[in-house]
Amino acid sequence: MTTQTTKETPEAAAVPPPGAAPAKKVSQGHRRLLTRRDRLTLGLMAGLPTILHVALVWVTALASVALAFTTWDGIGFDSIKWVGLENFKELFSNNPQFWPAVQHNVIWFVVLIVIPTPLGLFLAVQLDKRIRFSRVYQTAFFLPVVMSMAVIGFVWQLIYNPDTGLINSIIGANEPGKYIDWIGDPDLNLWAILVAASWRHTGYMMILYLAGLKGVDPSLREASALDGANEWQTFKNVIFPTLRPTNTVVLVVTIIEALRAFDLVFVFNKGAEGTELLSILVTNNIIGESSRIGYGSAIAVVLLLISLVVIIPYLVATFRKERRA
């Protein structure tokens, strides 16, 4: 008696023989994906950050806008009085520090866009060539960005010290009668602080442009080389036009950095003697000796409106590109 063994494929084995009743699906029952403990954990993980964000960002921002139309010394809510646009009228007409602060913020932006931004682009182009020890150079140039602004201020205070500072020691201005007071002189202190700010901003721009250069199609460089273009022509006519999205980000970031400048100036001389900024005026009026919270909030609203003029067009353009894509 012979036995014949047949091998069936999985598909053939799954097909029931003719005339056989179809197999019933085994009910696995309702699987509970999340337990009560899981829901509680997720609720806490998502709910607490949301509550903190709303309370510390949105509520405070809306409260600041509302307080801009009032006068309040910060002692008791009963002392809040509605004054309408009086804070803004006084700000634009009777505050001798407001327009110099606006001018200094504009100077801050111009200096950051003219000096450290091209320098950061230059460093990014050089590092994109994959030179030797490029990682070491990237770390060295980016180190000021990850440092606290307060630490940067303390470091540059040592450099600008009129008696034992590095700069005065090099140029021989650390002797009696030859001192150069880089921080106390109203004609020098703003520019001295901008040097420190540019030192930090250069590394920031380098990283942004380096990320943009990494996204450039290598075939564009090859095609330009085949056409006989040199390195400068390739960068000017091929590489730089492709960095247009990066340039937009750089512009917005630089404007925001110029508007939010505070830490460095406050560490140096608390915004006095020629280094007034809008952020310094807000701080001095809200937590200063006068404690004019309504007036300080009005300055903060002006600063917010200037920021929105820049941010909103950028967001609109970004969302349009996403929809087209």
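Looking at W99, its side chain does come within 3.5 Å of a backbone N or O of F92 through a donor-acceptor pair. Side chain of H104 to backbone of E276: a donor-acceptor contact under 3.5 angstrom is found. With Y160 contributing its side chain and A192 its backbone, the two residues share a donor-acceptor pair below 3.5 Å. Side chain of T70 to backbone of L67: a donor-acceptor contact under 3.5 angstrom is found. Judged by distance alone, with hydrogens and angles left aside, the side-chain atoms of N285 form a donor-acceptor pair with the main-chain N or O of L281 at under 3.5 Å. The closest donor-acceptor contact from the side chain of Q157 to the backbone of V267 lies under 3.5 Å. Here the side chain of N105 pairs a donor or acceptor atom with the backbone of A258 at under 3.5 angstrom. Panel note: side chain D263, backbone A150; no donor-acceptor pair is recorded below 3.5 Å. Between the side chain of T234 and the main chain of N230, a donor-acceptor pair closer than 3.5 Å is present.
Residues L112 and T117 share a closest heavy-atom pair of O-OG1, 2.8 Å. Between L190 and T275 the shortest heavy-atom distance is N-CG2, 3.9 Å.
Ring to ring, F77 and W72 are close: their centroids are under 6.0 angstrom apart. Remark: aromatic rings of F142 and Y204 are distant, center separation not under 6.0 Å.
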Would you please test L119 and M205 for side-chain contact (heavy atoms from CB on, under 4.5 Å) and show each step?
CA-CA 8 Å; L119 183 57; M205 297 297 99; over 6 Å; no
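Electrostatic pairing of E90 and R292 counts as a salt bridge here, judged by a charged N lying under 4.0 Å from a carboxylate O. Between E231 and K129 there is a salt bridge, since a side-chain N of the basic residue sits under 4.0 Å from a carboxylate O of the acidic one. Ion pair R200/E257 flagged as a salt bridge, since at least one NZ, NE, NH1 or NH2 atom sits closer than 4.0 Å to an Asp/Glu carboxylate oxygen.
D73 and S79 are linked by a side-chain donor-acceptor pair at a separation below 3.5 angstrom, with hydrogens and angles left out of the test.
Taking the side chain as every heavy atom from C-beta outward, I131 and Y137 approach each other to under 4.5 Å. Looking at L278 and I306, their side chains come closer than 4.5 Å, going by heavy atoms from C-beta outward.
Atom CZ of F240 sits in a sparse spot, with 12 or fewer heavy atoms from other residues, nucleotides or ligands closer than 6.0 Å.
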